[in-house]
There are 2 protein chains.
Amino acid sequence: MAAAPDSATADPPVVAHEPGVVCAIYHQAVELIGKRWTGAIVSILMRGPVRFNVLVSAVPGMSERLCADRLRELETAGLVSRRVLPGPPVGVEYALTEAGQDLNEAIEALGKWAHRWLEPVRV
Amino acid sequence: MAAAPDSATADPPVVAHEPGVVCAIYHQAVELIGKRWTGAIVSILMRGPVRFNVLVSAVPGMSERLCADRLRELETAGLVSRRVLPGPPVGVEYALTEAGQDLNEAIEALGKWAHRWLEPVRV
DNA sequence: CATTGTTACTTATTATCTGTAAGCTAAGTA
DNA sequence: TACTTAGCTTACAGATAATAAGTAACAATG
């Protein structure tokens with residue numbers, strides 16, 4: 001009674017390939033998306049392109065510096081694209097690439113889990 | 001054209017409740033699971049209960065100290081249970097609670113994403 | 001022309017967290 | 001008593017994050 005969880009889906013598990021160690025590719029993903037603030041940034045961008053300051057104020061505790069750092073990391077990883085806006089007060093708009101948008105399923109799954117188990121939020 | 005992604009699933013998005021800020025409960029979850037090593041630990045426990053040292057060696061870069069720290073955090077959060085084994089060389093076995101096992105869907109979704117987009121792993 | 005305001009960052013400093021290695025405890029064995 | 005195994009715990013250097021201030025480009029204001 002150790003191995004297979006009785007999920008109704010027919011898909012085989014993808015994070016349990018190697019016997020004794022954590023799946024390397026999954027681990028890579030969790031270290032990228034799981035890095036502080038990154039999950040929040042991606043979930044905000046999932047609604048559509050936004051500008052830097054909007055992003056900063058959308059994630060309460062996050063500083064401008066860390067937001068800039070994480071956006072650059074996400075850009076390097078190919079999840080986020082950056083576009084300079086021509087308007088008078090200049091501006092930079094960030095958006096998810098195809099790879100970034102494809103994270104939606106994972107984010108929604110985590111969101112649903114959170115609503116199931118973390119509802120009594122105490123902060 | 002900013003709001004709704006054209007997903008075929010009938011479920012409404014759960015991480016886009018409030019208009020200008022990140023969903024608080026989702027954020028709580030991503031800060032918990034996303035904390036360094038936590039995602040890896042949970043994915044290993046998803047296969048079944050394991051003992052401390054097995055867990056440590058299943059996640060290559062993780063030290064005993066951080067493993068103990070994360071396990072205690074996960075226990076406090078109600079995702080992991082701890083059981084002392086009676087055997088001759090003593091031992092402690094960690095297992096996922098119901099809440100922890102329910103993370104399977106989210107972990108699998110992230111794993112699938114990783115396999116789609118991160119395949120050319122270079123570390 | 002100088003002042004102020006906006007947007008998007010940088011830089012500097014301080015606090016917190018992580019990595020590495022060693023030590024400690026408890027149970028069992030010789 | 002000494003030694004072994006398993007599971008932590010402590011100590012300290014180095015990496016990462018938090019906080020606050022500063023910079024550059026432009027516009028509108030006085």
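Quantities reported herein were computed from a predicted structural model and do not represent experimental measurements. Convention: sequence-line order gives letters A, B, ...; per-chain numbering from 1.
Screening residues 19-40 of chain B for salt bridge (Lys or Arg N to Asp or Glu O under 4.0 Å), with sequence neighbours left out, gives A:E31-B:R36, A:R36-B:E31, B:K35-B:E73. Within the structure, side-chain hydrogen bond (donor to acceptor under 3.5 Å, both in side chains) pairs that include any residue of residues 50-61 of chain A do not occur (at least two apart or interchain). Every pair passing ring pair (Phe, Tyr, Trp, His ring centres under 6.0 Å) that includes a residue from residues 33-57 of chain B is listed here, sequence neighbours excluded: A:H27-B:W37. Judged as a salt bridge (Lys or Arg N to Asp or Glu O under 4.0 Å), the pairs with a partner in residues 92-101 of chain B (not counting sequence neighbours) are, in order, B:R83-B:E93.
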Expected list for residues 59-67 of chain B: side-chain donor-acceptor pairs under 3.5 angstrom, two or more places apart:
residue: B:S63; atom: OG; partner: B:L66; partner atom: N; Å: 3.3
residue: B:R65; atom: NH1; partner: B:D69; partner atom: OD2; Å: 3.4

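Taking the side chain to side chain contact (heavy atoms under 4.5 Å, CB included) definition, one finds that A:I33 meets it with A:L79, A:L103, B:L110, sequence neighbours left out. Scored by the side chain to side chain contact (heavy atoms under 4.5 Å, CB included) test, A:V80 finds A:L45, A:L71, A:L74, A:Y94, A:L96 as partners (sequence neighbours excluded).
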Verdict with reasoning, A:V92 to A:L85, per side-chain contact (heavy atoms from CB on, under 4.5 Å)
CA-CA 6 Å; A:V92 179; A:L85 300 174; over 6 Å; no

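Whole-Å rounding puts the B:W37 CH2 to D:dA15 C1' distance at 14 Å. Distance, A:D69 CG to D:dT19 P: 15 Å, rounded to whole Å.
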Protein-to-nucleotide contact annotation, 5' to 3' order, nucleotides 1-11 of chain D [B base; S sugar-phosphate only; - none; under 4.0 Å, heavy atom]
-----SSBBBB

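Contacts between chain B and DNA chain C, taken as any atom within less than 4.0 angstrom of a protein heavy atom, begin and end at C:dT18 to C:dG28.
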